[in-house]
Structure formats: structure tokens, C-alpha cells
Amino acid sequence: MNPTTPRGGQLWSRCGGCASLLYRKRLRRNLDVCPECGAHSRLDAPARLAQLVDPGSFTALADQAPEVDPIGFVDVLPYPHRLTAARSGTGLAEAVVCGTATVTGSRCVIAVMDFRFLGGSLGCAVGELITRAAERALADRVPLVVVTASGGARMQEGVLSLMQMATVSQAVAALRESGVPSVSVLTDPTYGGVAASFATNTDVVVAESGARMGFAGPRVIRQVTGRELPDGFQTAEFLLRHGQVDLVVPRHALRGCLATLLAAASGGREPVGAGPEPEGPPVSSPPTQGADERDAWETVRLARHPGRPTTLDYLETAFDSFVELHGDRLGADCPAVVGGLAELAGRPVLVVGHQKGHTTADLMSRNFGMASPAGHRKALRLVRLAARWGLPVVTLVDTPGADPGVGAEEQGQAAAIAENILTLTMLPTPVVAVITGEGGSGGALALAVADRVLMLEHAVYSVISPEGCAAILWPDRSAAPQAARALRLTSADLRRLGVVDGVVPEPAPAAHHDPPAAMQAVREAVLAHLVPLLDVPTATLVRRRRRRFRRFGAAGLGARAGAR
Ligand SMILES: [Zn+2]
């Protein structure tokens, strides 16, 4: 992948991707990305910093790399000789450069690894320097950014280099505990001990296009398995598909992406302590008459209409600056759930929702909005991220139900839903859920345990689909319309039951006739319900959320009936 390294005065280099002969200056202007084939060549740490941070903003941390040769390692050369050669070859003291900087005005502490220095290997000094960078981020309460490029742990320091995986992870854990954001940027290559620690245990993992990341290198895997590896194995796109990274970003967009992430990371609220309880939310609008009069079965059909805005439509229109984050970090990226960072009226929020589609092909590729366990685990990961960063959560619910397949059962669908429900009951930041279309059963509730639950006028929310209910309790599925009426699943019904706090009116006759108006209505309703929650102290917020659901117990419903 690498163009020939420029040596003094060399004007041309050959692209490692397509073998084009490229003018060095042109290549540099293009951020060392081949203009012919797009191959991203490796950058050293100084070049990387120059591309990522605001000019003149970088100040190196004062920490010096301690001189270590802990086990007196000698191969064909004594280790200190190799260190000396690496230093004179790179002009760096060690395989990482750490400092403070700003990215489009947002402050961060940044550590950039340099693959030229003994393969970017993680030794005791590198571990120490990155740990101190993390400690500085913690002390200043500014995000930590780590740009990785490494073959893994440094063999010449023996098992002590292995220990650095734990040392740096511990520093990342301290950031996590304190709600100080951490972001890693994987560049080519990131392997072994670095991949299996701070490259992937940060809050957000960005992979640069062309980066490869893995625990074992391809050569080792080929040797061990005796098999050829699939095309694109361990590439950024492979990692995205397998849920290992949040997003893949081409080099020219990396700085902008980092700026957006850092801005979101810095925009969250500080934990709100005890204080006087503010007023409740504004009284929600009563359901419109149309919703009451419409037949429940007709509403079910409206709720399922393929022209209704989807979660991605809302994210593009009702929210701003959406950055999609992918994957459950376990092995998959479920297409039926989408989510990420966005802004709502200038406030950073985390949005997660079910994704259907407008065409049959869309719907099929999104599994009709039916989340797999990986989808629920992606949602879980995202709401936990919101909790750490102090961001309010908006969920958009539109699913016939959780994926009922064999694979889903094998991967623990029930437990995945259960964990989401549990986590949302404890989440220390405000949560507003909007049922935008179908609120189908446990799959819907997995995203709908919230401080405020809103519902579009012609959405439905039910314990089971009318067809499913009819098949079980009626002689056959053709009784679905009767079942729909009996289940009390319309917005007007649910408002009466207290399950939803507000009904968002749809443009007449329904959302799919005027999607922009529907999206605007959702934006306004979410803002109206979210803003009053922002100042509620965390303990009060969580207590009220639990009380909200506690009242659906038989005792609570009895009290409601008595009061009527
Ligand atoms: Zn090329």
C-alpha cells in the first residue's frame, strides 16, 4: 500500500496501490492519498498531527520517554542498538507522540503512534506515555484521542510489554468512570496488543479508510488454519460489517469527523446534583378527534405504510449533524437498528431507532425493522455511551417486533432485550421515546423505556400484532381487524391508558402524505418534552422514570380506576 518513502530531494513516488508514478507535492497536498486509486499511504506521527489538529495548537506533553531495557534483550543486535537506530531514523524519542491540541476549536489530549519506530510496538515507555496522556485528559477533563499504528506488543521488552495492555486500559477505564470521552482512530496497521486494548476499548472507534485491524495478523492466521483468507479480511469495511468499529472515514474527512465527535463529547451535561425539583413537562396535546374516530385496523395499516418517514429520514431532517455509529463490538452490525450522535436545536443528543425502508429492497435489507440481538446490543452500547458523555437520548420506535429467527434465539434475543430494558431504567440522562410507526411488543419496549413516551397520531403500540393475537385467540388470522380493535393499540387508547405522554399530530390525512411536516412535528414535540428534562437532577430523573412504569402495576392501575 505504501508509496516509496521520500528521501531528500526525491520528487516522485510510486503508489503501492496502483503503481502510478505520483508527484510528491501533489500527493502530499492530497493528504498522501493516491489521486488515482485512493490508496491511503501510511503517515508518520508528525504528518498525522499536521493533518488532524489546528495549526499551531499542538503542545507536546513534557513527559520524557524513560530509557528502558528491562530484560537485557539481545537478538542479532542488542535492543538498545535498535532503539538508537529507531531514534535516529525517525527523529522521535519513542513510537508515540503525545500532546494537547485543538481540533476545529475543540480541546483534546492526543497520542499518535508512529509505525516507523520499531513497528509502532507497545513497550513500557509507549505504555507509560499514553497512560500519562490519558491522565492529563482526566485531570483537564478533555477528551483523549489515540491514533493507533502498531504491530503489537514489543517483544524486546518481554512480558512487561504485555503488561502495558493492562496499564493503558486502566487509564482508559479511569476516563470511562469519570465520563471523560475517549476516541481511537485506527490506522493501518493496528494489530496484536494495541488492537486488543486501547485501540478498541475507547468510547468511539473510528477506522481510517484502508486501515486493517485485528488481533492475529493474516500471516499467522494462514499458518495456523492452513486456509486462504477471504478478500478484504480485516480491512476497515470488514470491521464495520462485523460490528468492530463505529465508522470508517476517508482521510480527507477524518479531521471533520473528529471535530464533530469532540464537539458532541464536550456538549453533554455535567452530572446534575440535588436541587429543587423543576416543574413537570408541558401538558401534552390531547389526541385529535380523527385518531379517536378512525377504526383501529385502519390505523394499523396506516402505521405500516411504507411511505411513512423512517428513522434515517428523521435523522436527516428533524435532527442536524448526524454521525452514524455502527456495530455491537461483538461481531455484527444489525441493519434494523440505526443510531449515532446528532444535534437538536444546537444541543448534542444521541438518537437510536429501528430502521425500515420505503421499498421492498430497503425493507428486506433492513429486515423490516426487526432487530437482531446485535441490533439490541448496538442500541445498548449507544445509550451507555450517551450516559458516559452526559447526552440526552431520543429513541424512534418503528418495528413489527424483534427478529424471531433461529439465529436470533441462538444469540440470546431475550437476554438482549432484557438488558436494554434494565439499562434504560437506570440511565442517568433524559430519554424521550417516540413511537413513529409500529410499536411491536418487546422489540419496541427495548427502546421505549423512557421519561417521556410520545406517539405519532396514527402509530400503534401493542403487546402482539393483531394477526398474531387473532391466530392465538380467534379461530384464525382473518380476525386481525377485530383483534386490532380489542387490543387498544391506537394513540388515543394509549394516551387514555397513560402509556404515552403525548400524541404528535400528523399532517392530514397521515404522515406519508407530507413527510416533511410530520418530521417537523416530531422535532417540535421532542424538543418540547426534552428541554424541561435537561435540568432535572439525575436521581430525580431516574426515580420518576421508575415511578412512571411502576404505576402500570395492578395497584397503580387500581388507583387510577378508583380516581376516575
Ligand atoms: Zn494509487
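In listed order, ligands and their atoms are each counted from 1.
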About how many Å separate [atom2] of [Y] and [atom1] of [X], when rounded to the nearest 0.5 Å?
| X | Y | atom1 | atom2 | value |
| --- | --- | --- | --- | --- |
| E94 | L129 | CD | CG | 7.0 Å |
| Q413 | S372 | CD | OG | 7.0 Å |
| L162 | T167 | CG | OG1 | 10.0 Å |

Under 4.0 Å between a side-chain nitrogen and a carboxylate oxygen: does that hold for D246 and R329?
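Salt bridge between D246 and R329, a charged N being under 4.0 Å from a carboxylate O: yes.
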
Just the protein N/O/S atoms under 2.8 Å from the Zn ion (ligand 1), please, no waters.
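Result, waters dropped: C15 SG, C18 SG, C34 SG, C37 SG.
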
Pick from D32, D114, D188: which one makes a salt bridge (charged side-chain N to carboxylate O under 4.0 Å, His left out) with R42?
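Testing each of D32, D114, D188 against R42, the sole residue satisfying salt bridge (charged side-chain N to carboxylate O under 4.0 Å, His left out) is D188.
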
Decide yes or no for V338 and E324: does some side-chain heavy atom of the first lie under 4.5 Å from some side-chain heavy atom of the second?
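The answer is yes, as the side chains (C-beta and beyond) meet within the 4.5 Å cut-off.
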
